[in-house]
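Everything quoted here is computed from the prediction, not taken from an experiment. Count residues from 1 along the sequence.
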Amino acid sequence: DTALLAAARRGYSEIVRELVVSAPNTIDLERCNYSQKSALVIACEKGFDDAVQVLIDARADVNAKTQDGSTPLIQAVRKGRVDIVRRLLDANADPATIGPYDQTAQNWARAEKQVPVLALLLQASIRAQSNKLSAVADSKAVQQRIHLTPDLWYRIQADLASGKKLPQRHLASIISQ
């Protein structure tokens with residue numbers, strides 16, 4: 001174990017802070033232990049709120065996966081760590097990431113009967129869907145500015161609404177106009 005991993009495992013947030021502040025270019029925030037768990041995953045799993053916040057502030061990857069495909073968010077969800085789940089979601093952790101056994105954080109919250117955590121995850125999903133829908137609505141002005149055909153416009157809207165990336169043929173059509 002590195003000093004950072006050991007400090008995160010024990011919840012020594014002041015040591016974690018000192019390590020990431022005093023040597024930001026030499027500390028590898030994504031370095032993992034023998035089971036491929038980063039300091040952030042370990043702190044989330046153990047429930048060390050302050051260490052989690054220090055690592056988030058230091059820009060640790062909130063979506064990094066462990067050997068089994070788990071993420072910091074899934075670890076916090078499985079343990080019912082409401083405050084940590086909130087911090088991770090605020091730091092843009094992806095609640096839709098597929099983890100162990102092909103399950104998302106929401107699936108784990110349901111399985112572990114973590115109702116407060118599930119409520120947070122559902123709110124995050126609703127916000128994400130709302131952002132996608134407003135992007136589609138805002139794009140109406142784009143249609144008028146770049147003169148898309150109605151047929152192409154509706155296909156693009158359908159792709160955006162379903163969360164798909166725009167196919168190259170749509171982008172090529174937009175560029176060629």
Side-chain angles (χ1 to χ4, degrees), residues 1-135 160 162-165:
D1 273 1
T2 65
L4 181 62
L5 289 167
R9 186 176 56 252
R10 291 177 180 84
Y12 298 157
S13 58
E14 288 307 312
I15 294 173
V16 170
R17 183 182 329 281
E18 185 62 33
L19 288 168
V20 298
V21 170
S22 67
N25 297 328
T26 58
I27 295 295
D28 182 1
L29 296 173
E30 307 314 322
R31 178 99 185 251
C32 296
N33 65 8
Y34 61 91
S35 58
Q36 297 302 305
K37 292 181 181 178
S38 67
L40 181 58
V41 170
I42 293 167
C44 289
E45 188 176 65
K46 302 260 184 197
F48 297 131
D49 293 12
D50 293 338
V52 168
Q53 190 60 54
V54 169
L55 292 163
I56 288 172
D57 292 345
R59 306 258 187 256
D61 184 355
V62 295
N63 292 307
K65 288 193 170 192
T66 63
Q67 189 173 11
D68 70 352
S70 191
T71 63
L73 182 61
I74 289 173
Q75 288 300 324
V77 165
R78 291 176 72 183
K79 300 292 183 171
R81 315 259 189 235
V82 178
D83 292 335
I84 292 175
V85 168
R86 185 175 292 115
R87 288 176 197 229
L88 291 166
L89 291 171
D90 289 345
N92 297 318
D94 184 0
T97 298
I98 304 294
Y101 307 107
D102 294 327
Q103 301 297 306
T104 65
Q106 280 186 22
N107 298 130
W108 284 107
R110 282 188 193 97
E112 301 290 334
K113 299 183 180 14
Q114 301 291 353
V115 176
V117 170
L118 183 57
L120 284 174
L121 293 168
L122 290 172
Q123 288 170 350
S125 292
I126 290 168
R127 271 195 312 273
Q129 291 302 319
S130 173
N131 290 341
K132 282 182 185 177
L133 291 175
S134 67
L160 288 171
S162 67
K164 293 181 187 173
K165 292 183 181 177

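R31 and L5 make their closest contact through O-CD2, 3.7 Å (heavy atoms, listed as atom of the first residue, atom of the second, distance). For the pair S13 and V54, the tightest heavy-atom approach, listed with the atom from each and the gap, is O-CG2, 4.2 Å. Here the closest heavy-atom approach between residue S38 and residue C32 is recorded as N-SG, 3.9 Å. Closest approach of N92 to N63, counting heavy atoms only: O-ND2, 3.5 Å. Taking every heavy atom of both residues into account, L118 and Q106 meet most closely at CD1-O, 3.9 Å. The two residues V117 and A109 come nearest to each other via the heavy atoms CG1-CB, 4.3 Å.
The side-chain contact (heavy atoms from CB on, under 4.5 Å) with P95 is formed by just one residue from the set L89, T104, L88, L120; it is L89.
For residues 57-69, there are no salt bridge (charged side-chain N to carboxylate O under 4.0 Å, His left out) pairs, not counting sequence neighbours.
The salt bridge (Lys or Arg N to Asp or Glu O under 4.0 Å) check on R17 picks up E14, with sequence neighbours excluded.
With values rounded to the nearest 0.5 angstrom, D102 atom CG is found 9.5 Å from N107 atom CG.
With hydrogens and angles disregarded, a donor-acceptor distance shorter than 3.5 Å links the side chain of Q103 to the backbone of Y101.
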Distance-only donor-acceptor hits, side chain of residues 71-87, under 3.5 Å, sequence neighbours excluded:
| residue | atom | partner | partner atom | Å |
| --- | --- | --- | --- | --- |
| T71 | OG1 | L73 | N | 3.4 |
| T71 | OG1 | I74 | N | 3.1 |
| Q75 | NE2 | S70 | OG | 2.8 |
| R81 | NE | E45 | O | 3.4 |
| R81 | NH2 | E45 | O | 2.9 |
| R81 | NH2 | K46 | O | 3.4 |
| D83 | OD1 | R86 | NH1 | 3.2 |
| R87 | NH1 | D49 | O | 3.3 |
| R87 | NH1 | Q53 | OE1 | 3.2 |

